[in-house]
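No experiment lies behind these values; they were computed from the predicted model shown.
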Amino acid sequence: MALIVQKFGGTSVADAAKIQRAARRAIRAKMDGKQVVMVVSAMGKTTDTLIALAREIAPHPPKREMDMLLTTGEQVSIALMAMAIHASGHQAISLTGGQLGLVTDSVHTQARIQTISQDRITQELVAGRIVIVAGFQGIDESGEITTLGRGASDTTAAALAAVLGAELCEIYTDVDGIYTTDPRIVPQARKLDAISYDEMLEMAAVGAGVMHSRAIEFAKKFNVPIHVRSSLTDQPGTMIMETTPGLEDVAVRGATLKEDLATVVLTRLPNNPGIAAEVFAEVGRHKILVDDIIQNYYDDGRLANIGFSTNQTQVDEALEVCKRMANDRGFGEVEVDENVSKVSVVGVGMRTHTGVAATMFQALAKARINIDSISTSEIVISCIVRREDGPRALQAVHEAFGLDQG
Ligand code: ADP
Ligand code: ASP
Ligand code: MG
């Protein structure tokens, strides 16, 4: 029997009426003859509210306790969803990550999925129930509750779709698909009918908050198509799928702005072989995510500044680790800049089109926006700019690549 995974984000389960609406959608799929697994997020802004509450009590709460706290949000949603389905006369069961056997490593607040047991879910599906899974959570080998990072209910959904061999993973959200850029920042953004896994992966990695990037990794690896669509309408949204030749016709598919960034730079390091390895080994040991690497040399190449951009949530930790390193090894100051954003353009067509970087830099120059640093990969070009210039920079590059034109 065909199996479908339907994921509902926070705004799509924000109140009782929305939960009932999502329940009806799942029931409809079940009545169409499908086995249905729902993945739900915490209601509305619950996760943000819980984080703020924790911070009122302690500025740096233990991560284990953060996971204990945040997973309650999803537990509320799954129970209410199961009740909504029961109330409509259909069978459903809610399961936490621990109950279904979604096993992760032990990195609290940023855990990665290791294995997912199919036994319990399959048993419930065979019994004719709609299975409702709490997104974003798991359990480690010693039974500790973990979470997979902000926005990771998408990843729960895609990983379940992959292991269960789902024909489709539907992501229901508050926009009607993937746009050329965030429509909240650039109203001229256009909805895309399709986007490749590679492009979506990169867009998510460089700031398109609409999908969690690890979700795309699972979908790509197991070739599960993802349909991102609105929970309020029946209109088709955007398909995320394998690259087709037509998808390479344009150089740039979309643009993003990442605002929750900060840069941390160690100064006056001896420019010796192995110095970067030493710095990043220490940063990695503390599980600090490194976004882009920043490097420059001076004093005739004898000294170097080496740093990186990272998520703002990790900046205190990054600063502490770098200061300790600078102190122990006699480096210079550690400079932190929290007033930065990163604007990026993404497209698989960059593999075959030239001049993309020039167009991007010209667009920023024309808008009189200064570039702090640049990074590139096969299908992405990113520039770090001042935080206050971010939205204007996004607007400028979006227009320069004609993304507002169909
Ligand atoms: P959910 O709670 O359903 O997971 P999110 O808030 O995580 O929803 O993601 C949806 C939001 O992502 C949209 O409201 C939109 O503002 C934002 N977004 C950012 N980039 C894009 C993009 N390229 N296309 C569509 N939405 C985007
Ligand atoms: N509730 C979690 C969050 O807000 C997970 C999710 O919504 O995907 O980050
Ligand atoms: Mg989300």
Side-chain angles (χ1 to χ4, degrees), residues 2-10 34-41 71 74 78 95-98 100-107 109-122 125 131-141 146-173 177-178 192 194-229 237-244 247 289 346 348 377 379-380:
L3 189 151
I4 187 167
V5 174
Q6 298 186 325
K7 179 257 172 178
F8 293 87
K34 294 192 170 39
Q35 291 186 324
V36 183
V37 174
M38 297 176 87
V39 174
V40 286
S41 293
T71 47
E74 270 69 15
I78 55 170
L95 295 174
T96 63
L100 81 85
L102 190 152
V103 178
T104 70
D105 61 21
S106 306
V107 184
T109 77
Q110 285 293 343
R112 292 179 81 96
I113 298 175
Q114 287 183 333
T115 55
I116 300 182
S117 158
Q118 296 182 41
D119 302 353
R120 181 72 192 269
I121 296 194
T122 308
L125 289 170
V131 177
I132 306 158
V133 173
F136 159 73
Q137 58 174 259
I139 196 167
D140 76 0
E141 277 188 344
T146 54
T147 63
L148 310 175
R150 294 304 308 271
S153 292
D154 296 334
T155 297
T156 308
L160 281 172
V163 297
L164 297 169
E167 60 173 15
L168 181 66
C169 177
E170 292 183 317
I171 303 285
Y172 287 96
T173 183
I178 307 291
L192 299 166
I195 183 168
S196 67
Y197 290 126
D198 287 342
E199 286 167 330
M200 194 62 235
L201 192 57
E202 293 296 346
M203 278 194 46
V206 291
V210 61
M211 281 293 297
H212 196 247
S213 62
R214 286 217 301 284
I216 316 296
E217 282 172 24
F218 275 107
K220 178 177 153 94
K221 190 158 163 204
F222 295 90
N223 207 6
V224 182
I226 294 192
H227 187 186
V228 179
R229 54 192 303 194
T238 304
M239 290 303 300
I240 309 177
M241 53 192 211
E242 216 35 87
T243 310
T244 56
L247 284 181
L289 293 173
V346 177
V348 283
S377 70
I379 65 164
V380 188

Closest heavy-atom pair and its distance - V224, A166: CG1-O, 4.3 Å

side-chain contact (heavy atoms from CB on, under 4.5 Å) between I121 and V133, intermediate numbers included: CA-CA 9 Å; I121 296 194; V133 173; 4.3 Å; yes

Within-4.5 Å side-chain heavy-atom neighbours: I78 and L95: no

Shortest non-hydrogen contact from Y197 toward E242: CE1-N, 3.4 Å

Which pairs would a plain distance check flag for residues 153-165, meaning a side-chain donor or acceptor within less than 3.5 Å of a matching protein atom at least two apart in sequence or in another chain?
unit_1	atom_1	unit_2	atom_2	d
S153	OG	S41	OG	3.1
D154	OD1	K7	NZ	2.7
D154	OD2	H212	N	2.9
T155	OG1	H212	ND1	2.6
T155	OG1	A215	N	3.1
T156	OG1	F136	N	2.8
T156	OG1	A152	O	3.4

Residue pair T96 / A134: nearest heavy atoms and the distance that separates them: CA-CB, 4.2 Å

Donor-acceptor under 3.5 Å (E199 side chain, S196 main chain): yes

Side chain to side chain contact (heavy atoms under 4.5 Å, CB included), paired with I226, selected from M211, M200, M241: M211

Shortest non-hydrogen separation from Q118 to T122 and the atoms involved: O-OG1, 2.6 Å

Any side-chain heavy-atom pair of E217 and L201 under 4.5 Å: yes

T146 to I139 - nearest heavy-atom pair and separation: OG1-N, 3.6 Å

Nearest atoms (heavy-atom pairs only) where G237 meets H227: N-NE2, 2.8 Å

Polar side-chain atom of R214 near backbone of L148 as donor-acceptor pair, under 3.5 Å: yes

Over 12 foreign heavy atoms within 6.0 Å of CD, Q114: yes

Donor-acceptor under 3.5 Å (T238 side chain, L192 main chain): yes

